[in-house]
Structures are given as C-alpha cells and as structure tokens.
Amino acid sequence: MSMSEYIDFVLDRTENMYNIVQYEGHGSFWMVFFIGILFGGIIQYTRVDKFEKIAGFAMGKDTIIPKMLFLAIGITSIALYFAIKMGYASYHVKPMIISGLVIGGILFGISMAILGKCPGTGPVSIAEGRVDVLVGAVGGIFGGYVFTKYYDTIFKPLMGENHGKISLVDVSGEHATFFVLLYGIALIIIAIAIPKMELLDEADLEQLEK
Amino acid sequence: MKRRLPWWLGGILMSLLLLFTFSVFGADRPIGASTYVPYYAGILFGMDPEQYTYLQEIEKPGAWEGVMLLGALVGGLFTSVFITKSFRISVMPSAWKRYKNNSVKSRLVWSFISGFFLIVGARLAGGCTSGHFLSGMSQTAFSSMIFGGVVLVTLLITGKFFYNKGASK
C-alpha cells in the first residue's frame, strides 16, 4: 500500500465509521458523541481516571473506584430492569465464554493494576495530558492489531466454548423482580459499606493551590 | 466551582448515563469501551476488513465505540481544562514515583506492555470495565460477574506484589 493509498484507506474507513453510527439505529452520530462527552466528563470530574485511584485500589490504599462502580451498578440494575419491563430498553448480555473470561480477566486485572487505567478511563487520562498513558494506548493499539491478526488461529480457540447469554434475570424466572431488587440493593449496600480510603496525587494538590 | 465530585454523585450520574444509553431515547445499547481499540488498530494498520473475520465481527460496535471515544476525549479535555484544572503534561504518576520507582523509562516500558495486554485481555473476555462491569453487571449477566470477580482478585494480587510499601521517600 502506497502512502496515498493508505491515506485514502484511512479516510474511507473513517467515513464508514460515521455512516455506520449515523444509520445503524443506535443513536445518531451526535447522540453517540454526546454520550461520550458525558462519559468522559463524569470520569474526569470524579477523578477516577487517576493512576492513584486505580493502582491505588490495587494497592489497597484507595476505594473510590469500587464504591462508585458498585453504586452505579446497583442503581442501574434495578432501574434498568423496570425500564425494560416498561419497554424502554432491552438486555444485551455478553456470552459465557468461560476460558476467555478467565484468561482475559487475569490479563486485564494484571494490566489494569500496572497501567492504572482501563480502556474507558485511559483516553480521559490522555485528554488530561498524561503521556505515559498515551504510550500505554500505543501498546493497546498493537494489542488490538495482534488480536485481530491472530483471532482465528490463536485467540478464538483460546476463548473456548460459548455457553450462551445467561443472566440472573433469566434463571430466576418469575421471581426475577425479587432477585434483581436483592442484587441491586446488596450492591448499593456494599458500595456504602466499603470503607472510604483515598490516595491523593500531590502534584494535583499543588496545581490547585496555585 | 467544585474541583471534584464525590463518589456517590459520580455513581448516580454514571448510572443515569448508563440508563439513558440503554434506553430507546439514547442508543438502545450498552456502553462499551474496548472494542474501539482493535477497530482503530484496523484503520491505522491499513487492515482490509474483508480479510479479517474479527474486523467483520466488530464492524458495528467498533464504530459506535470509536465515536463515543472521540466524545470522551473531548469531554475529558474540556473538564480537565475548565473544571478540575488538572490538565498538565506529565509522564510519571506521583504514586508510581512513591510506590514503584523513579525511572521514566521503567514507567513507559511498563505502560506499553500493560496497555498491550489490557486490550488483549479485554478482547478475550469480550469486554472491559465499561462493557462488563458497568453495563454487564447492571444487566445481571453471569459472564460479567465471572469477569468482574477474576479482575478484582488479580488486580488486588498484582497491586500487592508489583508495588512496594514506599513508606519513606
């Protein structure tokens, strides 16, 4: 591929990305962009994109991440259940690919502790000027490349058998309302009960004092 | 203006955003934030989607998340410049300096390696903190609970052994 062919390719693919989102029926381009702005804004404003929050949690010195995460999941699980009952939304459950989940989870957990970011908070950190995370993102792009290239030969077989899309709502059948309430309330209680610990970034504090 | 939102307000706002995104008024789908990486890798490395089954599989979610990511960058930049005032160019997190080492090279090499495996791991599992934790566990999905449990345990074990106590310095 020559340089000009490459540029054409990138432009074509980018235009294609716009067209897919605009006409796929999951929100217009601007709607999805707007969701992204709010997503980035909430992460940034609560400062959970910080190394001190995620790596700090891994070190057992900060608990803002699990508190916020479990609270959000607890509330959403209950509200989403009723929104779906009323026909305003639907479930999009991910499949049970046991070895993929376990091997992937182990790699993900180790990497998240070291990088101090996940794929959602990383970009927000980069937007905040963190060069080390940008280097991590370059690593991630290479990871994405290798995964795509060897998907059929290495990664797909590694993911193992697909046991279908199962959730608590499915298995509890007619008692689903009870179990979802129990699950959601339990998560909210856990979020509140986790002792609040914070590891602060001295460099941020200095910046605020200026 | 407050420089930082408390965790409970952040949790409530994130929940509202998730509900909006799930609803037919928003995008009628969950939030995810790791499929965009192989999607962009495909674009940057000039990979023809017709030759790679994975690119075909992620064509739609990849594009959706690709656009959401652009929004997240704008939202993050805007908030860090005007609200949290935390925007600054830096290569070394303070806590890395205190609990790991003082070497920029070490931080960057580890960043690259962990960034690489972060994405490989997320794609093997079919989701990340957003797709599995936030969106998946909100749907009471068992796959997401398994992923969540494994990640929590490995995260805490890694944190314990990778970093040092760093009491002095």
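Quantities reported herein were computed from a predicted structural model and do not represent experimental measurements. Convention: sequence-line order gives letters A, B, ...; per-chain numbering from 1. Any value given below was found using the heavy atoms of this structure, including those in side chains, with hydrogens, waters and symmetry copies removed.
- Minimum heavy-atom separation, B/Ser138 to A/Leu80: O-CD2, 4.0 Å.
- Note on residues 17-41 of chain B: pairs passing salt bridge (charged side-chain N to carboxylate O under 4.0 Å, His left out), not counting sequence neighbours, are B/Arg29-B/Glu65.
- Per-residue counts of heavy-atom pairs under 4.5 Å with chain A were compared for B/Lys160, B/Glu57, B/Gln51; the largest is that of B/Glu57.
- Nearest heavy atom pair, residue A/Gly105 against residue B/Val150, reads C-CG1, 3.6 Å.
- The two residues A/Pro123 and B/Leu73 come nearest to each other via the heavy atoms O-CD2, 3.3 Å.
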- Message: Could you go through B/Leu124 and A/Phe108, starting from their C-alpha distance and side-chain angles, then the distance that decides it, and tell me whether this counts as side chain to side chain contact (heavy atoms under 4.5 Å, CB included)?
- Response: CA-CA 9 Å; B/Leu124 271 173; A/Phe108 191 84; over 6 Å; no
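- Heavy atoms of B/Ser130 lying under 4.5 Å from chain A belong exclusively to its side chain.
- Relative to the ring axis of B/Tyr40, A/Arg13 does not place its NZ or CZ within 45° and under 6.0 Å from the centre.
- Note on ring orientation: taking the six-membered ring where Trp is involved, the planes of A/Phe51 and B/Tyr163 are perpendicular (angle over 60°, cut-offs 30° and 60°).
- Top candidate by heavy-atom pairs under 4.5 Å with chain A, chosen from B/Trp64, B/Tyr36, B/Tyr52, is B/Trp64.
- Taking 4.5 Å as the limit, some side-chain heavy atom of A/Val171 sits within range of a side-chain heavy atom of B/Phe142.
- For the pair A/Lys149 and B/Met47, the minimum side-chain heavy-atom distance is below 4.5 Å.
- When the ring pair (Phe, Tyr, Trp, His ring centres under 6.0 Å) test is applied to A/Phe33, the partners found at least two apart in sequence or on another chain are A/Trp30.
- For the set B/Ser90, B/Gly149, B/Gly159, the count of heavy-atom pairs under 4.5 angstrom toward chain A peaks at B/Ser90.
- Chain A forms the most heavy-atom pairs under 4.5 Å with one residue out of B/Gly131, B/Gly115, B/Pro49, B/Gly126, and that residue is B/Gly115.
- B/Ile119 approaches A/Pro119 most closely through the heavy-atom pair CD1-CG, 4.1 Å.
- The pair B/Arg88-A/Asp201 meets the salt-bridge criterion, with a side-chain N (NZ, NE, NH1 or NH2) lying under 4.0 Å from an Asp/Glu carboxylate O.
- With a 4.5 Å cut-off on side-chain heavy atoms, A/Ile141 and B/Phe45 count as touching.
- The choice from B/Ser94, B/Ala33, B/Pro38 that makes the most heavy-atom pairs within less than 4.5 Å of chain A is B/Ser94.
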